[in-house]
Amino acid sequence: MTSTVIKSINGKELPVQPLTDGFSVTKSDLISDGSGRSAETGKALRYPVRLGTYKLSLKFKGSTEKIAAVDKLVSSFEQEVVFLDGTEYVTANMYPGDRNIKNNGFVSELSVNLIEI
């Protein structure tokens with residue numbers, strides 16, 4: 001990818017950016033268990049806990065050394081991530097989920113989800 005979609009993780013630049021089709025930003029609303037529909041009116045009742053929570057789905061491909069460096073950055077229990085959301089950079093505290101590495105000895109692939117805390 002030619003543009004920088006992940007500016008930094010914990011203040012460090014990534015040695016390789018996600019693939020063009022390996023970067024997506026999802027915003028989700030966390031809704032209370034008490035949400036649902038009214039039995040009387042059928043009207044939706046939403047009790048938001050948190051709105052606009054980010055999840056990044058990332059896929060990287062590069063030399064084994066570069067992918068190992070990215071894996072080290074995204075493996076922290078908690079991390080500050082600066083990433084592109086549309087046309088502006090956003091900073092969020094995130095944790096990693098579902099890391100997967102494929103390595104043939106020369107080229108490696110890493111897929112990971114970063115989820116806002």
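Cluster membership for Ile115 and Val5, using ILVMFWY side-chain heavy atoms within less than 4.5 angstrom, is not shared. Under the 4.5 Å side-chain heavy-atom criterion for grouping Ile, Leu, Val, Met, Phe, Trp and Tyr, Val107 is not connected to Ile101 through any hydrophobic cluster.
Annotation: the span from Leu58 atom CG to Leu114 atom CG amounts to 5.0 Å, rounded to 0.5 Å.
A search for side chain to side chain contact (heavy atoms under 4.5 Å, CB included) contacts involving Tyr47 returns Ser32, Ser35, Leu45, not counting sequence neighbours. In this view, Thr64 and Asn103, Ser108 satisfy the side chain to side chain donor-acceptor pair (under 3.5 Å) rule, not counting sequence neighbours. Considering only residues two or more places apart in sequence or on other chains, Lys72 meets the salt bridge (charged side-chain N to carboxylate O under 4.0 Å, His left out) condition with none of them. With sequence neighbours left out, Thr87 forms a side chain to side chain contact (heavy atoms under 4.5 Å, CB included) with no residue at all. Residues satisfying the side chain to side chain contact (heavy atoms under 4.5 Å, CB included) test with Ser28, not counting sequence neighbours, are Thr26. Checked against side chain to side chain contact (heavy atoms under 4.5 Å, CB included), Ser8 has the following partners two or more places apart in sequence or in another chain: Val82. Shown here are the side chain to side chain donor-acceptor pair (under 3.5 Å) partners of Asp71, two or more places apart in sequence or in another chain: Ser75, Arg99.
Atom CG of Asn104 sits in a crowded spot, with more than 12 heavy atoms from other residues, nucleotides or ligands closer than 6.0 Å.
A heavy-atom distance below 4.5 Å is not found between the side chains of Leu84 and Lys7. The side-chain heavy atoms of Pro15 and Glu65, taken from C-beta on, include no pair separated by under 4.5 Å.
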Leu73 and Asn10: CA distance, side-chain angles, deciding distance, side chain to side chain contact (heavy atoms under 4.5 Å, CB included) verdict: CA-CA 8 Å; Leu73 284 172; Asn10 286 336; 5.6 Å; no
Verdict with reasoning, Val74 to Leu110, per side chain to side chain contact (heavy atoms under 4.5 Å, CB included): CA-CA 10 Å; Val74 300; Leu110 166 68; 4.2 Å; yes
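Sequence neighbours left out, not one pair with a member in residues 84-117 passes ring-ring contact (aromatic ring centres under 6.0 Å, His included).
Checking side-chain atoms of Ser76 against main-chain N and O of Gln79 turns up no donor-acceptor pair under 3.5 Å.
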Side chains of residues 49-57: which donor-acceptor partners sit under 3.5 Å, not counting sequence neighbours?
unit_1, atom_1, unit_2, atom_2, d
Arg50, NH1, Ile117, O, 2.5
Arg50, NH2, Glu116, OE2, 3.0
Arg50, NH2, Ile117, O, 2.9
Tyr54, OH, Asp85, OD2, 2.6
Ser57, OG, Asn113, OD1, 3.2

